[in-house]
Each structure stands twice: as C-alpha cells, then as structure tokens.
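Lettering follows sequence order; numbering is per chain, from 1. Hydrogens, waters and symmetry mates are skipped; everything else that's a heavy atom, side chains included, is used.
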There are 2 protein chains.
Amino acid sequence: MHERERHRIILVEVSEKPVVTIAQLVERLGASEATIRRDVNFLHDAGKLNKVRGGAESLHPPISTNLVGRPFAISQTINAQAKREVAKAAAAMCEDGESIIIGGGSTAYMMAEYLKNRQIHVMTNSFVIAEYLLKNSKCSVTLPAGKLYREQNLILSPFPEDGSANFYASKMFFGAQGVGKLGVMETDPQIVQGTTRLLQRAEQRVLLVDSSKFAQRSSMIICELSELDTVITDQGIEPKMQKMLEATGCRLVIAPSTQVQ
Amino acid sequence: MHERERHRIILVEVSEKPVVTIAQLVERLGASEATIRRDVNFLHDAGKLNKVRGGAESLHPPISTNLVGRPFAISQTINAQAKREVAKAAAAMCEDGESIIIGGGSTAYMMAEYLKNRQIHVMTNSFVIAEYLLKNSKCSVTLPAGKLYREQNLILSPFPEDGSANFYASKMFFGAQGVGKLGVMETDPQIVQGTTRLLQRAEQRVLLVDSSKFAQRSSMIICELSELDTVITDQGIEPKMQKMLEATGCRLVIAPSTQVQ
DNA sequence: TTCTTAGCAATCATTTTCAATCATAAAAAT
DNA sequence: ATTTTTATGATTGAAAATGATTGCTAAGAA
C-alpha cells in the first residue's frame, strides 16, 4: 500500500472515531508499527491530526460529548469531515455583529464550533447549539418558544406565534435530510414547519449539506431550490448535480477540502 | 482502552449524573482504581470537572451540591439545605401527568432534581432547568421564546407574544429575591416582566423561598402576597412573618427538615 | 468521644509506548 | 548496471502509563 493511501485512511479513521490507537491502525493498514508511527508523526507535523500517547485523535474532538439524542449523536459522526468543511465555510460567511439564524441538523450544529470566538447574534431552534454557544462563546443567543424534542434536540412549536416573529436575520443556515430537483427535503412535518417559519425571518437562505445528501430523498419538501440563495457542500458533489443547482440560480459554494488528497 | 477514551467517557458520565463515584468509573472503564484516580486528578487540574471525596461531579452548577466537606460558610450551607427541603416539598405537590411552570431562582432550580423520576409537563424560562430535565428526566419540556441571559441562565423576552400564551399550567413554582409585606420582590425589571407573564398562565402560584428571604428586600414587586396561593419555606421562618402570611390568606407550607440534628 | 471503614496520595514494579538507530528492500537516478 | 535515494521493518534503551501496595487521613458509626 502506498504512503498516501495510508495517510488518507488514517485521517478517515481519525475523523470518525474520537481516538484511534496505533495498534488499531496497524491492524487496519497491515503495516508495521514503525511505519504507522512515522505516518502519524508526519500527519501531526502537517497539522492534520493530533498525536496523543498511544495513538491519534481528531483535531476537532467532538465538541459536545454529552449529546442527548442517540439519532443525533449518530448522524453527527457520518461524513464528519465533509460536514466540518461545510460548517467552516458557512461560519466564514458571517461577520461579527451580524444576526443569523441556525436551524437543526448536525452540519449546522458544527457551525457552532467555528462561531466560538465570534460576536454574533444567533437565533436557533437547536437546543444543543444554544447550549454550546451559551457555554463556550460570546455570542448572544435567542430561542423560539416550543416543546423540546429529545431525539432531534430541537425546539418546535405547533403555534405560529412562537416568538420568532420579532427576530430578523440577514442569513439563515440550515441542514436537511436530502436534496433533489424538487427541493430541500425533511422527514418530520414538525421539523418542516419549524424550519419554514424560521426561513421567513431571514433575508438569505443558506443550505448546508454534505454531498451525500444529494443522493438522499425524503418525504416532505421544506422549500424549492429556487428559494435558496446559497448552497454549501463539499467536493464530493457530482457535476450533474452541480449544473442542476446552478440552473436554479442559487450560488453554489464548494467548501475547500482540508484533507490530504 | 486509551487514556483519551477514558477521559471522554468520564466526562460524559459526570455530565449525565450529578455525581459519579470512583468505583462506578472503575466498573465502567475496566481500569484500576489508581488509573481512574489519576484520570480524575488530571481532568480536575484541567478544569474539566470537580473532584469530590469518593468521586467526581460536574463543574457546572451541580444541582445536588455535596454538603459535607465544602469550604462554604456555614450559613450558606444551611441555606442550600433549606432550599433543598423547600424544593423537595414543592416537587411533592406535583402529580404525574400534571402541567407546571417553573420560574427562575436557585430554589426553583433544585426542584428539577426531585422531578427526575416523574412524568410531568414542565414549562420553564430557566435554561439550566430545561437542560437538566432534558438530560435526566422523562418530563416533557417547553420553553418560551427570548434571549438567553448568561448570568441568570434565563430566557427573557421583551415581547408579549413569546409563545407562552398557548401554555396552561395548574401550578407555577417560582423563587424571588425577597419577600415583605408589600409583596414578592426581584431586582431586575426584565426578570419581573418574564415572571409575571408566566404567572398569568398558571392557576395556582407557589412561591419557593428559604426563610432568609423574608429578611431581604428588593426594588421591584412581582406580585402582592394576596395573589399567592401557597408559600413554601423552611423551618427558620419567624412567627411574626408566619402570621403576616397567613393573614393574607395564602397557604403556608413549612418544609420538614431533613437534616440530622 | 473512640472505633471502623472508605478514600486518597505516594511509592514501586511491571507493562506499554515511543523515538532513534540500523539494516534491508524497493525505487529512482546516474 | 550501478549508485543513490527513499521507504519500510526490526531492535533497543528511555520515557510514560498502569496496577498493586502501603501508610495516612477523613468521614461516619457506635
């Protein structure tokens, strides 16, 4: 196996687990311990991962270890690296002093990490985002009214007068279950309702989806593609899908890869 | 198991339970007692958790503070104990399936601990109560809309349409800065506004104050004593104050002392 | 109070991990 | 074809982590 190939696999392993041991990597890659150590040292020097005694860990350790909803905890780990790149690009679109809305979804959640050292007015219906920003940032945080759903970690309300009507944001960032020609899709009708209500409070709508979401379909449409201002995704997006998005008139941002190719 | 992995798991355990013992962690992690102690010491030095005799507890305002062996002033300790007794008596007033509102204040906050194993519909403008109930109980949790204030850990909104209008509760439990002949008092006008708005959504109003609050005064009146249905306090209340309260027609509950004499 | 037990830090032996070194094999350059 | 460079694997002494033991202290019970 080639050196680059090993590096690539090591980074994937590291981004998916909080920590991998040298022994695990030896097993996974079939190389000697010495080689793995050299690889880990190299990637560490290159700033691609964090070396710890006994193995390596991600540069971005899971920000909230005390996640409540299992489904949420799981969805956070798949495609973690791509999601992080997307989230980083999204955070870069914000300026200090700006007012933004962040919706649910694990990609949007990762934005919180990149807003840590910023001063932004954030409205969110995601309880974990609120919790993280409250404890780790200087951002001001505003919540809509509603019931707290454990599985999705979202605040949702069946009533239209949920207090979000007084909020205005220049941008809203949100994730989704799937994206197709017909629009942006979610599974739960309550999530759709909560998201669309927030969407009306924002001037620009920015969709955050890792490229795997273009293959996903779901049952309920949040909004049409033409209603979006920007879509941020990772480099895995197919040219066909890229063309389709651009045809709808929305700006497509492909987050730069932070991985070794 | 890897060191980082242990640290991560310990932090999860600590954030999920009010207090976790060394023995529990030994069991959970399969490492020796010495190692666990070293880990706990490390995390303590790193400021990630609070070390207590026999184990570790969360850094964030632990609902159940270990009374023994704390360098707090004795009066403070007694106050905490009194608050806990009051909170326990308050929780005993609730029945499963009931809808209640819990306001801010440290006494009300302690109620959360006693609602852990209950099934109650709770609306609260206290972020920490919401967080605790979401993670540790089966209660359903509903929030009003508003901005999150870090110092008070409260959700407050200047707008009347904050989403609480659709909620109804049989009882509202709330604390206060001080209590006098003129009524229940608080310092911050925003807190007064938020509390009074919630008070209107409840059938019965239950005030939770440890007896030291009868000596306190403050600048803004939340409501008059005659508007209260019940006042719960501890055994430290003076007979004079007791008479005054009973004269207003509200029920006075003196929480039984749980302290060993 | 005094006694008993549980918790804790310090110590030491053992095991694991690590970086440096060397030797070999593969690849590249001459 | 030969030399040079590079990558890999094995070895080794040092450093770090772990687990068991011990003596001490604090908490709780009698």
Side-chain angles (χ1 to χ4, degrees), chain A residues 1-14 17-59 61 260-261, chain B residues 1-11 13-14 17-59 62 64-74 76-78 80-81 84-85 257-261:
Chain A
M1 180 179 306
H2 201 269
E3 184 178 11
R4 301 286 181 172
E5 180 74 359
R6 286 199 315 271
H7 288 180
R8 203 182 56 75
I9 293 177
I10 290 174
L11 287 177
V12 169
E13 293 286 320
V14 153
K17 293 168 199 162
V19 52
V20 286
T21 66
I22 298 289
Q24 286 173 326
L25 291 173
V26 168
E27 167 90 5
R28 171 80 176 76
L29 294 165
S32 77
E33 191 185 303
T35 301
I36 301 294
R37 284 186 196 286
R38 270 186 280 256
D39 288 342
V40 168
N41 284 344
F42 174 85
L43 292 170
H44 173 75
D45 292 342
K48 301 290 172 58
L49 52 71
N50 220 336
K51 205 172 70 161
V52 296
R53 192 176 172 84
E57 70 177 3
S58 164
L59 275 181
V260 156
Q261 16 268 347
Chain B
M1 170 162 335
H2 197 272
E3 181 180 13
R4 294 306 183 104
E5 185 75 1
R6 286 199 315 269
H7 289 180
R8 210 176 56 79
I9 293 176
I10 290 174
L11 288 177
E13 293 288 318
V14 152
K17 293 163 195 160
V19 59
V20 58
T21 68
I22 298 288
Q24 285 173 326
L25 291 173
V26 168
E27 166 89 5
R28 170 83 176 74
L29 294 165
S32 77
E33 191 184 303
T35 300
I36 301 294
R37 283 187 197 287
R38 272 187 278 254
D39 287 342
V40 168
N41 284 345
F42 174 86
L43 292 170
H44 173 75
D45 291 343
K48 301 284 179 63
L49 52 71
N50 226 333
K51 211 171 64 160
V52 295
R53 187 177 172 83
E57 69 178 8
S58 166
L59 204 56
S64 170
T65 44
N66 203 345
L67 274 177
V68 287
R70 291 202 150 257
F72 283 8
I74 292 180
Q76 284 251 355
T77 315
I78 289 173
Q81 178 65 25
R84 195 168 295 110
E85 289 159 2
S257 170
T258 57
Q259 192 143 39
V260 191
Q261 315 292 352

Review point. Step by step, would you call Met1(B) with Leu29(B) a side chain to side chain contact (heavy atoms under 4.5 Å, CB included)?
Key: CA-CA 8 Å; Met1(B) 170 162 335; Leu29(B) 294 165; 3.9 Å; yes

Point to revise | Pairing residues for Arg53(A) by the side chain to side chain contact (heavy atoms under 4.5 Å, CB included) criterion, not counting sequence neighbours | key: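 Once residues adjacent in sequence are excluded, Arg53(A) has no partner under the side chain to side chain contact (heavy atoms under 4.5 Å, CB included) criterion.
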
First locate atom [atom1] of [X], then atom [atom2] of [Y], and finally report the distance between them rounded to the nearest 0.5 Å.
X        : Y        : atom1 : atom2 : result
Glu5(A)  : Ile10(A) : CD    : CD1   : 11.0 Å
Thr21(A) : Arg4(B)  : OG1   : CZ    : 14.0 Å
Lys48(B) : Asp39(B) : NZ    : CG    : 12.0 Å
Ile36(A) : Arg6(A)  : CD1   : CZ    : 6.0 Å
Leu43(B) : Leu49(B) : CG    : CG    : 5.0 Å

Can you measure [X] atom [atom1] to [N] atom [atom2] for me and round it to whole angstrom units?
X        : N       : atom1 : atom2 : result
Asp39(A) : dA19(C) : CG    : P     : 13 Å
Arg4(B)  : dT17(C) : CZ    : P     : 15 Å
Arg37(A) : dC18(C) : CZ    : C1'   : 5 Å
His2(A)  : dA27(C) : NE2   : P     : 10 Å
Phe42(B) : dA9(C)  : CZ    : P     : 16 Å
Asn41(A) : dC18(C) : CG    : P     : 9 Å

**Study point:** Rounded to 10 degrees, the angle between the two terminal axes of the helix from dT1(C)-dA30(D) to dT30(C)-dA1(D), each from five pairs
**Key:**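 Comparing the first five pairs with the last five, the axes sit 30° apart.
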
Point to revise | Residues that Glu33(B) engages under salt bridge (charged side-chain N to carboxylate O under 4.0 Å, His left out), provided they are two or more places apart | key: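 For Glu33(B) the salt bridge (charged side-chain N to carboxylate O under 4.0 Å, His left out) partners, ignoring immediate neighbours, are Arg37(B).
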
Practice item. For DNA chain D, determine which residues of residues 23-34 of chain B have any heavy atom closer than 4.0 angstrom to one of its atoms, and list them numerically. Key: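 Within residues 23-34 of chain B, the residues near DNA chain D are Ala31(B), Ser32(B), Ala34(B).
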
Exercise for review: Give Val40(A) one of three labels, base, sugar-phosphate or nothing, depending on what nucleic acid heavy atoms sit under 4.0 Å from its own.
Suggested key: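 Counting heavy atoms under 4.0 Å across all strands, no contact is made by Val40(A).
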
Check your understanding: Do His2(B) and Val52(A) touch side chain to side chain, with heavy atoms closer than 4.5 Å?
Key ->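 A side-chain contact under 4.5 Å exists here.
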
Point to revise | Non-hydrogen atoms of Ser58(A) and Asn50(A) that approach each other most closely | key: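 That would be O-CB, 4.0 Å.
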
Point to revise | Those residues that, when tested against Lys17(A), pass side-chain hydrogen bond (donor to acceptor under 3.5 Å, both in side chains) (two or more places apart) | key: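 Scan of Lys17(A) (side-chain hydrogen bond (donor to acceptor under 3.5 Å, both in side chains), adjacent residues dropped) gives Glu13(A).
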
Using a cutoff of under 3.5 Å, can you pull out all pairs of nitrogen or oxygen atoms linking the protein to nucleotides 15-17 of chain D, with atom names and distances?
residue	atom	partner	partner atom	Å
dA16(D)	O4'	Arg53(A)	NH1	3.4

Exercise for review: Using only side-chain N and O atoms of Lys51(B), determine if any of them is under 4.0 Å from OP1 or OP2 of dA9(C).
Suggested key: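 Affirmative; the distance criterion is met.
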
